[in-house]
Amino acid sequence: MTAGDDAAPVSTGVIDRGSRTPVWAQVEADVRRRLDAGAFTGGVPGEHALAQEYGVSRQTVRQALRSLREAGTLLARRGRPSQVAREISQPLGALYSLFDSVQTAGMTQRSRVMALDVVTDAAASAALGLASGTPLVHLRRLRLADDEPLALDEAWLPEQLTRQLLDADFSHTALYSELAARCGISVRGGREDLRAVVLDPGDADLLAVEPGSPAFLVERLGCADGRPVEHRRSLVRADRFSVSADFAPSSGYHLQLGTHHDQRI
């Protein structure tokens, strides 16, 4: 047994083969009960171990665990035991900071820096309102929460304003903190678009999920003193992240539905 199992053992007689409830669903329900009781803090046992505990086939256990992963209860980890999913939440309308959201969730945030250089990028320059060949500081990171891949994050900033960022260590720091400290630039607002996508094989491999898994694509134009200074594109695992919105009965909230006009809900 793994850590935490002693407090939540298999229920006596949990499998009722005469029940109309499928055996896999009975296993799922008991695993969920044990999770709620604080079991599996060191990782959920593998299919073979659970099959022995419950006296069922590995296929039955596989179906139960698949259902728990699809529900977001367990976090799939290829080649390693599943973990209890800890979701990171971000309020809509707030300045999005993945670093702060992970820290607030009580998790350790670090990044694997994949690129930190000066490039030219026509699309990023256009988004920033700059000429096509303008040099840009380019930062690409794989963001991790408790050493589990969470997001692929890519940002472009005008090199003329932000060249000092090339000396920063982004393995465990926030872009905006470095931007303020090194360049005297504070991002205070801008525009952010969020939509659902499915991951291609390359991005899915980096994020340690199956190709075709869902993700949030967050695209941002960050501004300082009314001037665009950051174009960012983030792919965030949908099984690890959620967004929320507060609204007032009198005013509702605004939802843009593929047009340039706000729709009030």
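- Residue pairs meeting the salt bridge (charged side-chain N to carboxylate O under 4.0 Å, His left out) criterion with at least one member in residues 170-185, sequence neighbours excluded, are Glu178-Arg182.
- The shortest side-chain heavy-atom distance between Leu175 and Glu230 falls under the 4.5 Å cut-off.
- In this structure, a donor-acceptor pair under 3.5 Å is absent between the side chains of Tyr54 and Gln26.
- Here the OG1-CG distance, from Thr21 to Asp16, works out to 8.5 Å after rounding to the nearest 0.5 Å.
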Result block: side-chain N/O donor-acceptor pairs under 3.5 angstrom for residues 126-133, not counting sequence neighbours:
none

Please report, to 0.1 Å, the donor-acceptor pairs under 3.5 Å made by any side chain of residues 157-166, with sequence neighbours excluded.
from: Glu159; atom 1: OE2; to: Arg163; atom 2: NH1; distance (Å): 2.8
from: Thr162; atom 1: OG1; to: Pro158; atom 2: O; distance (Å): 2.7

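- Across every non-hydrogen atom of Leu206 and Arg140, the tightest pair is CD1-NH2, 4.0 Å.
- For Ser57, the side-chain hydrogen bond (donor to acceptor under 3.5 Å, both in side chains) partners are Thr60, not counting sequence neighbours.
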Check against side-chain contact (heavy atoms from CB on, under 4.5 Å), Arg195 and Glu219: CA-CA 9 Å; Arg195 59 189 173 93; Glu219 294 183 289; 4.2 Å; yes

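- Annotation for Leu152 and Leu207: closest pair N-CD2, 4.0 Å, computed over non-hydrogen atoms.
- For the pair Arg62/Trp24, no side-chain contact is recorded, criterion being any heavy-atom separation below 4.5 Å from C-beta on.
- Pairing each heavy atom of Leu221 with each of Pro228, the nearest pair is CD1-CB, 3.9 Å.
- Note that CG of Asp30 and CG of Leu35 are 10.0 Å apart. Values are rounded to the nearest 0.5 Å.
- Taking a cutoff of 4.0 Å between a charged side-chain nitrogen and a carboxylate oxygen, Arg227 and Asp225 do not qualify as a salt bridge.
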Criterion side-chain contact (heavy atoms from CB on, under 4.5 Å) on Val44 and Leu50, from CA distance to verdict: CA-CA 9 Å; Val44 178; Leu50 287 175; 4.1 Å; yes

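- With hydrogens and angles ignored, the 3.5 Å screen pairs a side-chain donor or acceptor of Asp200 with a backbone N or O of Gly202.
- Note that CZ of Arg237 and CZ of Phe216 are 13.0 Å apart. Values are rounded to the nearest 0.5 Å.
- Shortest non-hydrogen contact noted between Leu144 and Pro149 is CD2-N, 3.9 Å.
- Glu28 CD to Leu68 CG: the interatomic distance, rounded to the nearest 0.5 Å, is 4.5 Å.
- In this structure, Leu136 is not a member of the same hydrophobic cluster as Leu139, with clusters built from ILVMFWY side-chain heavy atoms closer than 4.5 Å.
- Taking both residues in full, the closest heavy atoms of Ser213 and Glu210 are given as OG-O, 2.6 Å, listed atom of the first, atom of the second, then distance.
- In this structure, the separation between SG on Cys183 and OH on Tyr176 is 13.0 Å, given to the nearest 0.5 Å.
- Linking Ile, Leu, Val, Met, Phe, Trp and Tyr whenever their side-chain heavy atoms come within less than 4.5 Å puts Val197 and Leu142 in one cluster.
- Taking the salt bridge (Lys or Arg N to Asp or Glu O under 4.0 Å) definition, one finds that Arg58 meets it with Glu47, sequence neighbours left out.
- Atom CZ of Arg32 and atom OG of Ser67 lie 6.5 Å apart (nearest 0.5 Å).
- For the 3.5 Å distance criterion, the side chains of Ser171 and Arg110 fail to qualify, holding no donor opposite an acceptor.
- Side-chain polar atoms of Gln63 and Arg66 form no donor-acceptor pair below 3.5 angstrom.
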Side-chain atoms of residues 112-123: list all donor-acceptor pairs with protein atoms under 3.5 Å, sequence neighbours left out, distances to 0.1 Å.
from: Asp117; atom 1: OD1; to: His138; atom 2: ND1; distance (Å): 3.2
from: Asp121; atom 1: OD1; to: Ala123; atom 2: N; distance (Å): 3.1
from: Asp121; atom 1: OD1; to: Ala124; atom 2: N; distance (Å): 2.8

